[in-house]
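Computed from a prediction, not measured in an experiment: that's the story for all the values here. First listed ligand is number 1; within each ligand, the first listed atom is number 1.
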Amino acid sequence: MPRDFHESGLGCARRQGARTIASMNTDRLSAPRPRIAVVATGGTIAGVGGQASSPAYRAAVTPVDELIAGVPGLEQLAELRAEQLMQIDSADFTDERLLQLARRVAALCARDDIEGVVVTHGTDTLEESAYFLHLTVPSRKPIVLTGAMRPATALSSDGPANLRDAVAVAAHPSSAGRGALVVMNGQIHSARDVTKTHTLRPDAFASPHGPLGLLAALQPRWYRALTRLHTADSEFDIARITALPLVGVVAGHGNMRAEVWQALAQAGARAIVYAGLGGGTVPAYLASTLGDLCRRGIHVVRASRTGGGPVMRNAGFDDDACGSLVIDDQNPPRARLLAALALTRTQDASALQEVFWRY
Ligand code: ASP
């Protein structure tokens, strides 16, 4: 990053940050540091406005160079290459944007002059983008996503510390080969497991089996490892994916309507994920609708709305009789992505089921 970057027209606090950096031990700055790409996509981490007494603020405003300048000492951790890939509320992530993000991250990971990638992202769909990168970027280099629950202008914004932590994790050699990671609130989560579980609190992100690790004095400390396939070992490669088939999600609740399923089929869905009750239980009054969909070649994928635990085949519904599938323990938004990716490789129900066990 150009040295004059931190001196350019930033606010008082940020100029303070620039002085802090300028006064650092120059030996540390001139020593080779990991080269980390920061890909900014928007979200609350780039949000402005809002008062404690009012929830209204604008997400996706502050440009990436200002986000970086707002974190004193960040350049001690890594040599940063920042780019603004998009500037959106993460609710506006479409499959096309997801493919765009994955292609860019894969291209950066393929470069010899980049050791890791940090993606700044809105928190609402952060877990989906993280999982998609986890499945489709064929690299062992660290890929770390982060965001913020409070906008940059809030009294105790969590964005600067999250960005610092994400860069620290991406820059550390021990982070390689662990798949895409989500760093929030001092914790390091696997993209396979993490979910946003709260609308407001900075500790909104949680994993059903716990985070993989945490940051201690800006060093990653690992406590768990993944057993499922990802990134370099995944059979999905963003270089070979031009579009995703339509996969819908139907929410489970009392008094469901068959018409919702039929509308998705009509819209061209190749699979429909059921965000099911409990262990994916299907009410008796929907069994014939689901059977009919399966007979038409539209895959029914049972997941759970509970937020944890596997969906068992032939428990709560007769999958063998219907031809339906189960997604193991993936939440419905991630089940949608895994099903869409699996459908780019096979249409066969038992082959799809095998894919779901592997990831
Ligand atoms: N709506 C915002 C987004 O996802 C929320 C956030 O970033 O926390 O872009």
**Within-shell test, Ala148 vs ligand 1, heavy atom, strictly < 4.0 Å** = yes
**Asked** For Ala166, which residues count as a side-chain contact (heavy atoms from CB on, under 4.5 Å) partner, sequence neighbours excluded?
**Response**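 So Ala166 forms a side-chain contact (heavy atoms from CB on, under 4.5 Å) with Val118, Val144, Thr146, Val183.
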**Item:** Residues that Leu246 engages under side-chain contact (heavy atoms from CB on, under 4.5 Å), provided they are two or more places apart
**Value:** Ala267, Ala269
**Item:** Atom indices of ligand 1, in the order listed, that fall short of 4.0 Å to a heavy atom of Gly43
**Value:** 7 (O), 9 (O)
Check: [X] N/O within less than 3.5 Å of ligand 1 N/O:
X: Asp124; answer: yes
X: Asp89; answer: yes
X: Met149; answer: no
X: Thr123; answer: yes

**Request:** Verify whether the ring centers belonging to Tyr359 and His134 lie closer than 6.0 Å.
**Result:** no
**Request:** Before accepting this row, confirm whether a basic side-chain N of the pair Asp329/Arg228 lies closer than 4.0 Å to the acidic partner's carboxylate O.
**Result:** no
**Request:** Indicate yes or no: does Glu79 engage Arg81 in a salt bridge with an N to O separation below 4.0 Å.
**Result:**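 Yes, Glu79 and Arg81 are salt-bridged.
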**Request:** Look at the rings of Trp261 and Tyr274 and say which category their plane angle falls in: under 30° parallel, 30 to 60° tilted, over 60° perpendicular.
**Result:**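 Tilted, since the angle between the ring planes falls between 30° and 60°.
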**Prompt:** atom 6 (C) of ligand 1: which protein heavy atom is closest, and how many Å away?
**Reply:**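 Nearest neighbour among protein heavy atoms for atom 6 (C) of ligand 1, to 0.1 Å: Thr44 OG1, 2.7 Å.
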**Residue and atom name of the nearest protein heavy atom (relative to atom 4 (O) of ligand 1), distance in Å to one decimal** = Ser90 OG, 2.5 Å
